[in-house]
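From a predicted model like this one, the values you see are computed outputs, not experimental measurements. In this chain, numbering begins with 1 at the start of the sequence shown.
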Amino acid sequence: MARRKKGNAVNGWLVVDKPRDMGSTDVVNKTRYWFNAQKNGHTGTLDPFATGVLPIAFGEATKLIPFITDGEKEYEFIIRWGQETNTDDCDGEVVNECEKIPNRSEILAALPEFIGKIKQTPPAYSAIKINGERAYNLARKGEEVSMPEREIEIYDLQFVEEMANRQAKFKVRCSKGTYVRTLGKDIAKRLGTLGYLTALRRTKCGKFSLDDAILLEKIKNMVHSEEHFNALLPVMTALRDIAVLAVTPEEAAKLANGQGLPPSMPEAQKLKGQKAAAVCEGKLVAIVEAGERKIAPLRVFNL
């Protein structure tokens, strides 16, 4: 007999505006407790010093986490020129200094070099696993960490403004796997100086933006009246741009059992080779892929 999971079957998305100095896992644990939920998870770690959009998936929404983690991200960040830290952000120790402060024209001339597919070496203080252990744990032990280079893509990079205290603000739209701390460091290096991030704010993650986000403190204050459930977004919210395939209850039952549907369905003709959300009476049934021989369920939902 299967063991009954603790908590309630809560399904949906909670988009948190993560505060500074809190880890992403801490946000997951707090929200799971407040909602007394059986299961939840985040869609990609935000550094403790970073703030902004952190989508938390509950229940059946956790099956859609890859759709968010694989999507584009947008950030605002501030670089402090003339110093380097061992973590590439303001939580680390200053390990090197120089006097060079780039001007506006130098910055604008250099930024186009970072647009497109570029190589990036993630920071040693990151959550990447090296031989089964987190890189930041190895770095904190004083061990030398050799990080593998990776290819990422920068879709847009904008210089926003010069700021006081040798700082400058930027905006970036990028692919998954991008370390903005490393981007800041590399921009500084290209400009003949040193730099580290003093602020990092994620403004968009996949289909979710700051317009969807809610502060943790506000959620906590809503718990006693159970109004916090009103902050949950439907599971389908993560699929705002995906095609929708309407199915009958009989077809929904087949998908739920892992069976495919015939590709001759009228609505399916224009979806060949694409993924779609199969919906029955307003409820998400499955993520399907329309092939030549059948419409196959990729992910099935119990809503």
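Side-chain atoms of Val94 and Asn96, non-hydrogen and from C-beta on, never get closer than 4.5 Å to each other. Looking at Asn302 and Glu60, their side chains come closer than 4.5 Å, going by heavy atoms from C-beta outward. Looking only at side-chain heavy atoms (C-beta outward), Phe35 and His228 come within less than 4.5 Å of each other. Residues Val10 and Lys39 are not in side-chain contact: their nearest non-hydrogen atoms beyond the backbone lie 4.5 Å or more apart. Looking at heavy atoms from C-beta onward, Thr31 lies in side-chain contact with Asn40 at the 4.5 angstrom threshold. Looking at heavy atoms from C-beta onward, Thr51 lies out of side-chain contact with Lys18 at the 4.5 angstrom threshold. Residues Cys280 and Thr248 fail the side-chain proximity criterion, which asks for heavy atoms closer than 4.5 Å. A heavy-atom distance below 4.5 Å is found between the side chains of Leu191 and Trp81.
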The test is side chain to side chain contact (heavy atoms under 4.5 Å, CB included); show your working for Ile118 and Glu153 and say whether it passes.
CA-CA 6 Å; Ile118 62 172; Glu153 188 165 3; over 6 Å; no
Could you go through Arg202 and Glu74, starting from their C-alpha distance and side-chain angles, then the distance that decides it, and tell me whether this counts as salt bridge (charged side-chain N to carboxylate O under 4.0 Å, His left out)?
CA-CA 6 Å; Arg202 187 155 66 189; Glu74 292 183 10; over 6 Å; no
Between Arg166 and Glu99, is a salt bridge (charged side-chain N to carboxylate O under 4.0 Å, His left out) present by the stated rule, with each step listed?
CA-CA 10 Å; Arg166 298 184 166 195; Glu99 293 300 319; 3.3 Å; yes
Passes side chain to side chain contact (heavy atoms under 4.5 Å, CB included), Tyr196 versus Lys185? Steps please.
CA-CA 6 Å; Tyr196 66 86; Lys185 179 180 179 178; over 6 Å; no
Applying side chain to side chain contact (heavy atoms under 4.5 Å, CB included), run through Leu197 and Asp88 and close with a yes or a no.
CA-CA 6 Å; Leu197 265 57; Asp88 300 331; over 6 Å; no
Evaluate the side chain to side chain contact (heavy atoms under 4.5 Å, CB included) criterion for residues Ile154 and Thr178: first the C-alpha distance (whole Å), next the side-chain angles of each, then the deciding distance (0.1 Å), finally the verdict.
CA-CA 8 Å; Ile154 304 297; Thr178 301; 4.1 Å; yes
For Arg181 and Asp91, what are the C-alpha separation, side-chain angles and deciding distance, and is it a salt bridge (charged side-chain N to carboxylate O under 4.0 Å, His left out)?
CA-CA 12 Å; Arg181 283 181 289 154; Asp91 285 344; over 6 Å; no
Test log, rule salt bridge (charged side-chain N to carboxylate O under 4.0 Å, His left out), inputs Glu72 and Arg173:
CA-CA 7 Å; Glu72 292 182 5; Arg173 183 166 57 89; 3.1 Å; yes
Could you go through the side chain to side chain donor-acceptor pair (under 3.5 Å) check for Thr85 and Glu93 one step at a time?
CA-CA 5 Å; Thr85 70; Glu93 299 177 3; over 6 Å; no
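A side-chain donor-acceptor contact under 3.5 Å links Asn103 to the backbone of Glu106. With Ser24 contributing its side chain and Thr45 its backbone, the two residues share no donor-acceptor pair below 3.5 Å. Looking at Gln120, its side chain does come within 3.5 Å of a backbone N or O of Tyr179 through a donor-acceptor pair.
Scanning both residues, Leu245 and Ala276, for their nearest heavy atoms gives CB-CB, 4.4 Å. The shortest non-hydrogen separation linking Gly82 to Thr193 is N-OG1, 3.6 Å. Between Pro122 and Arg150, the shortest heavy-atom distance links the atoms CG-NE, 3.7 Å. Minimum heavy-atom separation, Pro249 to Glu281: CG-OE2, 3.8 Å. Closest approach of Val300 to Leu255, counting heavy atoms only: CG2-O, 3.3 Å. Residue Thr62 comes nearest to Ala57 through the heavy atom pair CG2-O, 3.5 Å, listed as atom of the first residue, atom of the second, then distance.
With respect to Lys119 and Asp186, no salt bridge is recorded, no charged nitrogen being found less than 4.0 Å from a carboxylate O. Remark: Arg190 engages Glu113 in a salt bridge, criterion side-chain N to carboxylate O under 4.0 Å.
For Lys63 and Phe301, the positive end sits near the middle of the six-membered ring, less than 6.0 Å away and at most 45° from its axis.
At a threshold of 4.5 Å between side-chain heavy atoms, the hydrophobic network of Ile, Leu, Val, Met, Phe, Trp and Tyr places Tyr155 and Phe114 in two separate groups. Hydrophobic clustering, with ILVMFWY side chains joined whenever heavy atoms are under 4.5 angstrom apart, groups Phe49 together with Tyr75. The cluster map of Ile, Leu, Val, Met, Phe, Trp and Tyr, joined by side-chain heavy atoms under 4.5 Å apart, puts Met222 and Val15 in different clusters. Both Val172 and Leu108 belong to a single network of hydrophobic side chains, linked directly or stepwise wherever heavy atoms of I, L, V, M, F, W or Y lie under 4.5 Å apart. One hydrophobic cluster, built from ILVMFWY side chains closer than 4.5 Å, holds both Leu14 and Val223.
Counting heavy-atom neighbours within 6.0 Å of Glu151 CD, excluding the residue itself, gives a total above 12. Under a cut-off of 6.0 angstrom, the local environment of NZ in Lys100 is crowded, with over 12 non-hydrogen atoms contributed by other residues, nucleotides or ligands.
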Taking only distance into account, with no hydrogens and no angle test, what donor-acceptor pairs under 3.5 Å do side-chain atoms of residues 231-240 form with protein atoms, sequence neighbours excluded?
residue, atom, partner, partner atom, Å
Thr237, OG1, Pro234, O, 2.6
Arg240, NH1, Lys207, O, 2.5
Arg240, NH1, Asp212, OD2, 3.4
Arg240, NH2, Asp212, OD1, 3.1

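Using cut-offs of 30° and 60° on the angle between ring planes, the pair Phe208 and Trp13 is tilted. Taking the six-membered ring where tryptophan is involved, the planes of Phe170 and Phe77 are essentially parallel, since the angle between them stays under 30° and well short of 60°.
Atom CG of Leu216 is separated from atom CG of Asp26 by 10.0 Å, given to the nearest 0.5 angstrom. For the atom pair Thr182 OG1 and Ile152 CD1, the distance stands at 9.0 Å (nearest 0.5 Å). Between Leu46 atom CG and Arg201 atom CZ the span is 10.0 Å, to the nearest 0.5 Å.
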